[in-house]
Amino acid sequence: MSWFSSDSLELALLSSEAGAHAVEQRAIWARIMPDQLPELTLAILDPLALIAYLATGAVAGLLAGLLGIGGGALIVPALIAVFSDLHLDGLWVPHQAVATSLATIIATGSASAYSHHRRGGVDWSVFGVLGPALLIGAGVGALFGGAIAPLWLQRLFALFLFYTGARMLLRKPQRSSTPFPARPRLLGTGIGFGALAALLGVGGGILVVPFLARHGIALRRAVGTASACGVPIAAAGSLGFVLSGWDRAGLLPQSLGFVYWPAALAIVATSMPFANLGARLAHRLPTLTLKRVFAVLLLLVGIGLLRG
């Protein structure tokens, strides 16, 4: 049941700063889901959505600083849930969640990398080799992601959550190291990591950190280097999802390709300060116990996404 008449809704949209764009998007929605148009438009403008985005950023930033995990593992399923609660199921929900998550990592990853750099925690020689490969891989992964059916992208992310949760529960301390592979193989590894990370909307730390630690880089330095590696992944991945989602029917208003900027900006606004808070709390709280609890949560979220 509509809360306003069609004429009233049109007038409200025209009176806003982005009125012209909103009316254009309204025409698109009318062709796709004409019966639900007023409710959808009002849901998108609901202040509760903004609160949800801010809360998502706060929790993601806190966990990133506290546990050393990438925010994308939380941001993507959180956005899928929020978008679904706004009755936007069946369109491009997983794609917009992944793309928006990548856009947030550009800012948070840059801040994290700079913080590690100031403390000498980034191995720039390794980044110089991996960075370009990650950039290429992320662009390819995002373009490929735009061609995947939404349901399969959601299932792929659910499998990633299972892998991440199981790894956090079962991982044992690294006791030995092996030499870095030859440069061609290292470049191939970087391209693969970049493609998978962009496809899933994460910064790649879950892949890069254990790889670097396995090859003799101290864990703290591996985390800092992985933070720097997340920036080219996020930048190329975001651009790839912008291009692959360009002019797609059924996207949320104010989207640029698959990236939904209102959510991205709100998440960044809280994730950055809360990441600093989490880093300080990491020295006071039982992070091993928290990691195990979070790992179980990831497994449960993965089950939910598979069922959805």
Side-chain angles (χ1 to χ4, degrees), residues 61 64-65 67-73 98-99 101-145 160 163-164 167 171 174-244 259 268 271-272 275-276 279:
L67 304 179
I69 55 96
V98 167
S101 173
L102 285 171
T104 68
I105 295 172
I106 297 175
T108 55
S110 297
S112 176
Y114 178 69
S115 178
H116 283 289
H117 167 70
R118 290 179 59 191
R119 294 166 175 80
V122 178
D123 191 325
W124 290 110
S125 63
V126 172
F127 176 84
V129 177
L130 280 179
L134 292 168
L135 189 74
I136 295 171
V140 173
L143 291 173
F144 176 71
F160 166 74
Y163 167 77
T164 303
R167 186 176 176 278
R171 182 177 61 180
Q174 187 74 29
R175 292 189 173 86
S176 60
S177 62
T178 57
F180 268 105
R183 189 181 182 89
R185 184 180 173 188
L186 187 60
L187 291 173
T189 299
I191 291 174
F193 282 175
L196 184 58
L199 184 62
L200 298 171
V202 298
I206 192 67
L207 303 170
V208 176
V209 171
F211 174 78
L212 296 180
R214 189 166 60 248
H215 292 290
I217 295 181
L219 182 59
R220 184 169 297 180
R221 195 168 174 83
V223 171
T225 305
S227 296
C229 289
V231 177
I233 291 174
S238 297
L239 178 60
F241 273 109
V242 167
L243 295 176
S244 61
V259 178
V268 167
S271 65
M272 295 181 71
N276 292 329

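Residue numbers start at 1 and run along the sequence shown. No hydrogens, no waters, no symmetry mates; every other heavy atom, side chains included, goes into these values.
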Closest approach of [X] to [Y] (non-hydrogen atoms, all atoms of both residues):
X: A222; Y: A213; value: CB-N, 4.3 Å
X: A103; Y: S238; value: N-OG, 3.3 Å
X: F241; Y: G145; value: CE2-C, 4.1 Å
X: G204; Y: I233; value: CA-CD1, 4.3 Å
X: A197; Y: G203; value: CB-C, 4.4 Å
X: G128; Y: P132; value: O-CD, 3.3 Å

For F127, which residues count as a ring-ring contact (aromatic ring centres under 6.0 Å, His included) partner, sequence neighbours excluded?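 Partners of F127 by the ring-ring contact (aromatic ring centres under 6.0 Å, His included) criterion, ordered by chain and then number, come out as W124.
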Which residues pass the side chain to side chain contact (heavy atoms under 4.5 Å, CB included) test with [X], not counting sequence neighbours?
X: A111; value: M272
X: R118; value: Y114
X: L207; value: F193, L196

Only one of L186, T189, L134 clears side chain to side chain contact (heavy atoms under 4.5 Å, CB included) with V129; which?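 Output: one option passes, namely L186.
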Rounded distance [0.5 Å steps], [atom1] in [X] versus [atom2] in [Y]:
X: I106; Y: L102; atom1: CD1; atom2: CG; answer: 8.0 Å
X: I217; Y: D123; atom1: CD1; atom2: CG; answer: 4.5 Å
X: S244; Y: L239; atom1: OG; atom2: CG; answer: 9.5 Å

Closer than 3.5 angstrom, by distance alone: can the side chain of R221 be matched with the main-chain N or O of G120 as a donor-acceptor pair?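 Yes, because the side chain of R221 sits within donor-acceptor range (under 3.5 Å) of the backbone of G120.
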List the residues meeting side-chain hydrogen bond (donor to acceptor under 3.5 Å, both in side chains) with R119, not counting sequence neighbours, and say none if there are none.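 R119 satisfies side-chain hydrogen bond (donor to acceptor under 3.5 Å, both in side chains) with S115 only.
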Under the side chain to side chain donor-acceptor pair (under 3.5 Å) definition, can you give me all pairs with a residue in residues 101-112, not counting sequence neighbours?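 Matches after skipping sequence neighbours: S112-S227.
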Any side-chain heavy-atom pair from L212 and L130 closer than 4.5 angstrom?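 L212 vs L130: side chains touch.
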